[in-house]
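Reviewing the structure listed below.
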Amino acid sequence: MSDLRTTARRIGRKALGYTFLGLCAAIPLAPAHCAPVELEVIEHTPGNGAEVRRGWFATIRYTGWVYDEQAEDKKGAKFIDSDDKGRPVTFVYGYKRALAGMEKGMEGMKVGARRTLIIPPKLGFAGSRQHPPDGIPRDATLVIELELLDVVPQANVNRPDD
């Protein structure tokens, strides 16, 4: 009886080992250089104006591409450009009016600053209620170049305590 148990254990271990080998062969290994999983901020110009603050209007110019590991500058298909609208974009900073990765990447920016942001999916469209533009996967890593043109404090015009 004990020989039968020993044989069964040996067969079980071999079967488990072969299963593990099969799984390893079926799961591709990640390439040596893959898209980042955390936000990357590359400062090009630091800026010298007022710093962006939560609740202030921020006016920016930006261009966005899908991250492409094979491209020399990691910029794949371009999907948005604020210049296509004919003017910069203004939004209230810090109230989820832009992708989380854009707002987080703008922290500490001063007027005149230029940055490149590499935004992982969780801070891009995958973690947002915004729908990606046609042809852009929801789980895409994004490359955004942006320039902070102006910040303006938001005035409380009709405060209830006045």
* Looking at residues at least two apart in the chain, or sitting in another chain, which of them share a salt bridge (charged side-chain N to carboxylate O under 4.0 Å, His left out) with Glu51? -> none
* Asked: If two hydrophobic side chains count as joined below 4.5 Å and joins carry through other members, does Ile118 share a cluster with Val41?
  -> no
* **Stepwise side-chain contact (heavy atoms from CB on, under 4.5 Å) check, Phe79 with Asp134** => CA-CA 9 Å; Phe79 67 91; Asp134 289 339; over 6 Å; no
* **Single-linkage hydrophobic cluster Tyr62~Trp65, side-chain heavy atoms < 4.5 angstrom** => no
* Counterpart residues, side chain to side chain donor-acceptor pair (under 3.5 Å), relative to Glu145 (two or more places apart) -> Lys75
* **Listed partners of Asn48 passing side chain to side chain donor-acceptor pair (under 3.5 Å), at least two apart** => none
* To do: For atom CZ of Arg53, decide whether the heavy atoms of other residues, nucleotides or ligands shown that lie under 6.0 angstrom number more than 12.
  => no
* Using modelled atom types only, decide if a donor and an acceptor are shared between the side chain of Gln154 and the backbone of Trp56 within a distance under 3.5 Å. => no
* To do: Kindly indicate whether the side chain of Ile42, heavy atoms from C-beta on, has any atom under 4.5 Å from the side chain of His44.
  => yes
* To do: For Glu38, check side chain to side chain donor-acceptor pair (under 3.5 Å) against everything at least two apart and list the hits.
  => Lys122
* Distance-minimising heavy-atom pair for Val151 and Ala50 -> CG2-CB, 3.6 Å
* Any chance you could measure Thr141, atom OG1, to Glu40, atom CD, to the nearest 0.5 Å? => 10.0 Å
* Asked: Heavy atoms, side chains only, cut-off 4.5 Å: are Tyr67 and Pro36 in contact?
  -> yes
* Asked: For the residue pair Ala113 and Pro46, what are the closest heavy atoms and their distance?
  -> CB-O, 3.3 Å
* Would a hydrophobic clustering, with Ile, Leu, Val, Met, Phe, Trp and Tyr connected at side-chain separations under 4.5 Å, put Val66 with Phe125? -> yes
* With a 4.0 Å cut-off, would you call Glu147 and Arg114 a salt bridge? -> no
* To do: Begin with the C-alpha distance, continue with both residues' side-chain angles, and end with the deciding distance and a verdict on salt bridge (Lys or Arg N to Asp or Glu O under 4.0 Å) for Arg61 and Asp83.
  => CA-CA 7 Å; Arg61 178 177 291 129; Asp83 288 342; 3.1 Å; yes
* Could you pull out all residues at least two apart from Lys78 that satisfy side chain to side chain donor-acceptor pair (under 3.5 Å)? => Asp81
* For the side chain of Ser128 and the backbone of Gln130, is there at least one donor-acceptor N/O pair under 3.5 Å apart? -> yes
* Heavy-atom pair with the smallest gap, counting every atom of Gly76 and Asp68 -> CA-CB, 3.7 Å
* Is it true that Leu146 and Val143 fall in one hydrophobic cluster, defined by side-chain heavy atoms closer than 4.5 Å? -> no
* Same apolar cluster: Leu149 and Val52, side chain cutoff 4.5 Å -> no
Please tabulate, for side-chain N and O atoms in residues 93-102, each donor-acceptor pair with protein atoms closer than 3.5 Å (sequence neighbours left out).
from: Tyr93; atom 1: OH; to: Glu103; atom 2: O; distance (Å): 3.1
from: Tyr95; atom 1: OH; to: Arg54; atom 2: NH1; distance (Å): 3.2

* Decide yes or no for Thr63 and Ile80: does some side-chain heavy atom of the first lie under 4.5 Å from some side-chain heavy atom of the second? => no
* Asked: Pro88 pairs by side chain to side chain contact (heavy atoms under 4.5 Å, CB included) with which of Thr59, Asp150, Leu148?
  -> Thr59
